[in-house]
There are 2 protein chains.
Amino acid sequence: MGRSHSEPQAPLRADAITYGLLPELIGYRLRLAQIAIFRDFCVKVGEADITPTLFGVLVLIDANPGMKQTQLAEAIQLDRSSVVSVLDKLEARKLVERIRAPDNRRANALHLTAAGRELLHTLTPQVLDHERRLVSRLSAEEQAQLRTLLGRVVAGLQQNDELPLPTAP
Amino acid sequence: MGRSHSEPQAPLRADAITYGLLPELIGYRLRLAQIAIFRDFCVKVGEADITPTLFGVLVLIDANPGMKQTQLAEAIQLDRSSVVSVLDKLEARKLVERIRAPDNRRANALHLTAAGRELLHTLTPQVLDHERRLVSRLSAEEQAQLRTLLGRVVAGLQQNDELPLPTAP
DNA sequence: TATTGTTATACTCTATAACTATA
DNA sequence: TATAGTTATAGAGTATAACAATA
C-alpha cells in the first residue's frame with residue numbers, strides 16, 4: 001500500500017500527488033461533489049445567508065403548509081432541537097410563522113409569510129441556475145440517471161436500520 | 001407554488017408530506033446521500049473516531065509519503081489551518097509524523113507511523129465493506145457510471161473559477 | 001516579499017439531555 | 001405515560017487573520 005518507504009527523498013511535485021484508494025470510493029467522490037456544490041450554492045445564490053438547508057426548509061413548508069416541526073425534522077434529516085434553531089432564524093427574518101395548532105396545542109403549524117413566499121420566488125430561479133451549472137457536463141439522460149442512482153444509494157443505506165445520528169458533515 | 005392557502009386545516013398526515021422542487025435537484029439528493037453515507041461510515045467503520053476525512057488523510061499520506069501540509073490541504077479541500085488541527089489529532093494518536101523537510105526547513109514532510117499503516121490496513125476492509133453497502137442496489141456498470149457522473153459534476157463546477165471557501169456543510 | 005506552518009479566535013451546525021406544556 | 005417543542009449546553013469542524021521562521 002502506498003509508495004515504498006525506501007524511495008528517494010525528493011519533495012513531491014504538486015502534480016505528482018496520487019489519491020490511492022480514494023477515487024474508487026463513491027463515498028469520497030460524493031463528498032467532493034457536495035463540497036463543491038455547497039460552495040457554488042452559497043456564492044451564486046444571491047440572497048445572503050441562504051444555505052441549501054434553509055432553502056430546503058422554505059420549499060418544504062411551502063409545499064406542506066401547516067406541517068409540524070417534527071415532520072419537518074424528519075423530512076430534512078435533522079434532530080427536533082436543530083429544527084428549532086433553524087426556524088428561529090427564519091422566523092426572526094419574518095419568512096416563516098409558527099402558528100399554535102388549534103387541534104393539538106403542543107404542536108406548531110408552520111407557514112411561510114408573504115415575504116417568505118416572495119423570497120422563495122426570488123431564490124428558485126437562482127437555485128435552478130445553480131443546478132444547471134451543476135449538470136453542465138451531463139446530458140439530460142445522464143442527469144436523470146444520476147438522480148436515480150443517488151436515490152438508490154440513499155434507499156440502500158436506509159433500509160439497513162435505524163441509525164443513531166452522529167453529528168453530520 | 002405549494003398548496004393553496006385556502007385549503008382545509010386538517011393536520012398533514014406524515015405520509016402526505018411532499019417535497020416540492022427538492023427531488024428534482026441533484027444538489028439536494030447528493031446532500032441526502034452524503035448524510036446517509038457519513039452516518040453509515042461512522043457507525044460501521046469500527047475504530048472509533050475515524051471520520052471519512054481522517055481516513056482520507058491517512059490514505060493520502062500513505063500514497064504520498066513525504067507530502068507537505070499545503071499539498072494535503074489542497075488534496076482534501078481544506079484550509080491550511082484546518083489541516084493543522086487534523087494533523088494534531090492524528091499525531092497525538094501516533095498515526096502520523098511531521099518530519100522537518102531537510103530541503104525546505106519551513107515545510108513538514110508527512111509520513112504514516114507503523115501504527116498508522118497498521119490502522120489503515122485494519123480500516124481499509126471496513127471501508128470497502130461500507131462502500132459495498134453503499135452500492136448494494138447498483139450493478140457494477142451503474143457503480144462505474146455513478147463514479148463518472150460525480151467526477152463530471154465536480155469538474156463542471158471547478159472549471160467555473162476559484163471560489164472563496166465558505167464554511168462547508 | 002512570498003511561502004509554510006502555526007496560533008488565536010470565532011462562527012456555524014448539530015446533537016444530547018433535561019425541561020414544560022400538553023395529550 | 002407519551003408527544004411537541006424548547007432550552008441549555010457541548011462538541012466537532014471549519015475559516016480568517018495575524019504571526020514566526022524560512023526562503
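A, B, ... follow the sequence lines: proteins, then strands. Residue 1 opens every chain.
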Nearest-nucleotide wise, let me know which of B/Leu87 and A/Lys89 is further upstream toward the 5' end of DNA chain C. B/Leu87
Filtered N/O pairs between nucleotides 19-22 of chain D and protein, under 3.5 Å:
residue : atom : partner  : partner atom : Å
D/dT22  : OP1  : B/Arg105 : NH2          : 3.3
D/dT22  : O2   : B/Arg106 : NH1          : 3.4

Ignoring backbone atoms, test whether B/Ser82 places a side-chain nitrogen or oxygen under 4.0 Å from the OP1 or OP2 oxygen of D/dA15. yes
For residues 146-154 of chain B, which side-chain N or O atoms pair as donor and acceptor with protein atoms under 3.5 Å away, sequence neighbours left out?
residue  : atom : partner  : partner atom : Å
B/Arg147 : NH1  : A/Glu24  : O            : 2.7
B/Thr148 : OG1  : B/Ala144 : O            : 3.0
B/Arg152 : NH1  : A/Arg137 : O            : 3.0
B/Arg152 : NH1  : A/Glu142 : OE1          : 3.2
B/Arg152 : NH1  : A/Glu142 : OE2          : 3.4
B/Arg152 : NH2  : A/Glu142 : OE2          : 3.3

Salt bridge (charged side-chain N to carboxylate O under 4.0 Å, His left out) between A/Asp40 and A/Arg133, intermediate numbers included: CA-CA 9 Å; A/Asp40 188 81; A/Arg133 223 165 15 251; 2.9 Å; yes
Of the options B/Arg80, B/Glu74, B/Arg98, which is the one that meets B/Gln69 in a side-chain hydrogen bond (donor to acceptor under 3.5 Å, both in side chains)? B/Arg98
Do any side-chain nitrogens or oxygens of A/Ser81 fall under 4.0 Å of OP1 or OP2 in D/dT7? no
Distance-only polar pair, side chains of B/Gln34 and B/Arg39, donor-acceptor under 3.5 Å: no
Distance in angstrom units between B/Leu90 CG and D/dG13 P, rounded: 11 Å
First encountered from the 5' end of DNA chain C, between A/Leu54 and A/Ala101: A/Leu54
Is any side-chain N or O of B/Ser85 under 3.5 Å from a base N or O of D/dT14, one able to act as donor and the other as acceptor? no
Short side-chain N/O contact to C/dT3 OP1/OP2 from B/Gln69, under 4.0 Å: no
